Amino acid sequence: MKLSGYHKARGDEVTLKTDYDNLQDFDKVYIAKVFTKTKVDDKILMLSNIQYGGTGIFYDNAPSLPVEVEHCAPDYSLYDGYVQAQVDKGMKSSALKCFTDYSIGFLTRDCFRKCGFCVNKKYDYCAIHSPLEEFYDSRRKKIMLLDDNILAHSE
Ligand code: SF4
């Protein structure tokens with residue numbers, strides 16, 4: 001959503017893809033892989049117009065987004081077509097409320113606890129990340145915070 005917001009603000013046309021078809025037709029394709037078990041063909045990752053990231057590929061050494069993207073307002077309309085397609089297939093709209101009802105973001109990032117089962121071991125602190133205004137959309141009634149460990153921050 002942040003990448004989409006960043007590119008749309010620059011006049012680019014942005015499409016959410018949920019498959020790997022016709023990737024050569026796009027000037028740039030971003031692939032985000034969250035989980036290590038998700039399969040992505042290496043040949044796709046080697047295409048010249050692909051940029052990829054996420055803990056699913058880099059584990060705890062995933063590169064950060066550029067600051068101007070990380071702190072861009074999310075494009076909450078990015079998933080509109082996907083949501084409508086799911087509803088058309090019979091899914092209840094209540095099952096899609098993450099896409100429709102929430103402003104989503106991080107007030108803080110990182111954590112110092114280093115739990116054995118957690119990917120989040122890179123930092124020894126929890127830091128302020130974004131002000132709420134950065135990702136808050138007043139048309140959405142709820143706020144979803146994705147902070148790693150918000151209670152690790154003293155404020
Ligand atoms: S983010 Fe949560 S699970 Fe991960 S190290 Fe911190 S407290 Fe543990």
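Values in this document were obtained by computation on a predicted structure and should not be read as measured data. Atoms within a ligand are numbered from 1 in the order they appear, just like the ligands themselves. Computed over heavy atoms, backbone and side chain alike; hydrogens, waters and symmetry mates excluded.
Residue pairs meeting the ring-ring contact (aromatic ring centres under 6.0 Å, His included) criterion with at least one partner in residues 36-56, sequence neighbours excluded, are Tyr52-Phe58.
The CG atom of Leu151 sits 9.5 Å away from the CZ atom of Arg113 when rounded to the nearest 0.5 Å. Rounded to the nearest 0.5 Å, atoms CG (Leu146) and CZ (Phe135) are 8.0 Å apart.
We find that Lys39 and Asp41 are not joined by a salt bridge, their nearest charged nitrogen and carboxylate oxygen being 4.0 Å or further apart. Taking 4.0 Å as the cut-off between side-chain N and carboxylate O, Arg139 and Asp137 count as a salt-bridged pair.
Looking only at protein N/O/S atoms, the ones less than 2.8 Å from atom 4 (Fe) of ligand 1 make 1 in total.
For the pair Lys17 (side chain) and Tyr20 (backbone), a donor-acceptor distance under 3.5 Å is absent.
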